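Every value quoted in this text rests on a predicted model; they were computed, and no experiment measured them. Position 1 is the first residue of the sequence; numbering continues from there.
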Amino acid sequence: MSTYVLAGIDGSPESTAAARWAAAEAVRHGLTLRLVHARTWLDDIHADPAQPADVRALTTRMLSDAERAVLDAHPGLEVRTELIEGGEPVVALAEALNEAASGAELLVLGSRGLGGFAGLLVGSVGLAVAGRCEVPAVFVRAGESERPGGPDRPEVVVGVDTRATSPEVVEFAFHQAARRGAVLRAVHGWEPPPVWGYAGWVPPLAEAEQFRAIEGELLTGALIGWREKFPEVEVVEDVRIGTGASALVDASTDASVVVVGRRRRPHHAGLRLGPVAHAVLHHAQAPVAVVPHD
């Protein structure tokens, strides 16, 4: 059983936000918070070349500052700090972080970006981690340590593929909602067949409503067992015409966290993230949790 939440620290405002988000998660789960910094050649840039030991001093101070920030908010939290060798290139750094997270409840990293479809959220290391991590990985931007959600209660948003529902993804989202006392918004995006309509893609209104009802019934069916397992969680079923990625990005505005799935790959070649997870990671306006599943 996992005993800690892991957060990667690099001294940036984004990683501080990730540490705060991870700390709140550790408190909710009753777990230890583990803060790690993966050392790379970039650390040497900020050091005094006349003082080789300065690199370790800087990274140690970085971890101490992050520890102090989370303890100010959560005085009783058990926090451990650790410096690990990340190496280069990007894949080696990602693998070092993933190895450190092998026994964690989840891994939390900071990400830079503007959000929405105008900006990108995740860098190369973040994408490499998201595509390889065997535990859920959460990506947080500066200012997103804990978002209040909507006007009444916070929301956890989860993408649901009604034709290939992942138990791991849905269960993670229900647990998040239950522990936060949040509403779970289950989002299903669907696209009408391109043969409909005069323009080849615009469906007649009556047919669109019929198919929307069918998609809604499929979403209801996919969630029945989970509603019974988590009766305390209020669920909002949200069926939208459009791609799954655009539906989730639109729903992310007031979310505390957006949950997407990432299928495990049996080989190391090729893209590790599906198109929906990839797009949501880059464009969502809330922390994004990527959950690996079979």
Inset, instruction - Give the minimum heavy-atom separation between Ala19 and Ala7, together with the two atoms involved. - result: CA-CB, 4.2 Å
Legend entry - Check: His282 and His278 side chains under 4.5 Å, non-hydrogen atoms: yes
Legend entry - Min side-chain heavy-atom separation Leu35-Val79 under 4.5 Å: yes
Legend entry - Spacing of SG belonging to Cys133 relative to CZ belonging to Arg264, to within rounding of 0.5 Å: 10.0 Å
Inset, instruction - Please tell me if the side chains of Leu109 and Val129 come closer than 4.5 Å, counting only heavy atoms from C-beta onward. - result: yes
Inset, instruction - Output, in order, the C-alpha distance, side-chain angles, deciding distance and verdict of side-chain contact (heavy atoms from CB on, under 4.5 Å) for Leu97 and Val36. - result: CA-CA 8 Å; Leu97 288 168; Val36 302; 4.2 Å; yes
Legend entry - Side-chain touch Val291/Val259, heavy atoms, less than 4.5 angstrom: yes
Legend entry - Heavy-atom pair with the smallest gap, counting every atom of Glu105 and Pro136: O-CD, 3.7 Å
Legend entry - Contacts of type ring-ring contact (aromatic ring centres under 6.0 Å, His included), residue Phe172, not counting sequence neighbours: none
Legend entry - Rounded distance [0.5 Å steps], CD in Glu67 versus CG in Leu33: 9.0 Å
Legend entry - Glu215/Arg163 salt bridge by N-O under 4.0 Å criterion: yes
Inset, instruction - Evaluate side-chain contact (heavy atoms from CB on, under 4.5 Å) for Leu107 paired with Val138, printing each intermediate quantity in order. - result: CA-CA 6 Å; Leu107 168 64; Val138 181; over 6 Å; no
Legend entry - Spacing of Leu223 atom CG and Thr165 atom OG1 [to the nearest 0.5 Å]: 7.5 Å
Inset, instruction - For His293 and Val169, indicate whether the former's side chain and the latter's backbone hold a donor-acceptor pair under 3.5 Å. - result: no
Inset, instruction - To the nearest 0.5 angstrom, please state how far the CZ atom of Phe230 sits from the NE2 atom of His175. - result: 4.0 Å
Inset, instruction - Before accepting this row, confirm whether a basic side-chain N of the pair Arg80/Glu82 lies closer than 4.0 Å to the acidic partner's carboxylate O. - result: no
Inset, instruction - Check Phe139 against Leu281 and note the closest heavy-atom contact, atom names and distance. - result: CD1-CD2, 3.5 Å
Inset, instruction - Decide yes or no for Trp190 and Arg240: does some side-chain heavy atom of the first lie under 4.5 Å from some side-chain heavy atom of the second? - result: no
Legend entry - Atom pair CG/CG of Leu219 and Asp161 - distance to nearest 0.5 Å: 10.5 Å
Inset, instruction - Search all heavy atoms of Ala255 against all heavy atoms of Ala286 and return the closest pair with its distance. - result: O-CB, 3.5 Å
Inset, instruction - Please step through salt bridge (charged side-chain N to carboxylate O under 4.0 Å, His left out) for the pair Arg180 and Glu25, ending with a clear verdict. - result: CA-CA 9 Å; Arg180 295 167 180 271; Glu25 191 72 4; 3.5 Å; yes
Inset, instruction - For the residue pair Val108 and Leu6, establish whether any side-chain heavy-atom pair is separated by less than 4.5 Å. - result: no
Legend entry - The single option from Asp238, Leu248, Asp254 passing side chain to side chain contact (heavy atoms under 4.5 Å, CB included) against Arg185: Asp238
Legend entry - Side-chain (Arg34) to main-chain (Ala100) donor-acceptor, under 3.5 angstrom: yes
Inset, instruction - Of all the heavy-atom pairs spanning Ala18 and Val140, show the shortest one and how long it is. - result: CA-CB, 4.1 Å
Inset, instruction - For the pair Val280 and Val258, evaluate side-chain contact (heavy atoms from CB on, under 4.5 Å) and give the outcome as yes or no after the intermediate values. - result: CA-CA 9 Å; Val280 173; Val258 178; 4.1 Å; yes
Legend entry - Closest approach of Gly261 to Ala277 (non-hydrogen atoms, all atoms of both residues): O-CB, 3.6 Å
Inset, instruction - Please check if the side chain of His37 supplies one atom and the backbone of Ile9 the other of a donor-acceptor pair under 3.5 Å. - result: yes
Inset, instruction - For the pair Ser12 (side chain) and Ser15 (backbone), establish whether a donor and an acceptor sit closer than 3.5 Å, ignoring hydrogens and angles. - result: yes
Legend entry - Close side-chain approach of Val157 to Val257, heavy-atom, < 4.5 Å: no
Inset, instruction - Could you tell me the separation between the CG atom of Asp72 and the CG atom of Leu77, rounded to the nearest 0.5 Å? - result: 12.0 Å
Legend entry - Any Glu134 side-chain heavy atom under 4.5 Å of Asn98 side chain: no
Legend entry - Test side chain to side chain donor-acceptor pair (under 3.5 Å) applied to Glu237 and Thr220, step by step: CA-CA 7 Å; Glu237 297 179 8; Thr220 298; 2.6 Å; yes
Legend entry - Parallel, tilted or perpendicular: rings of Phe174 and Trp226 (30°, 60°): parallel
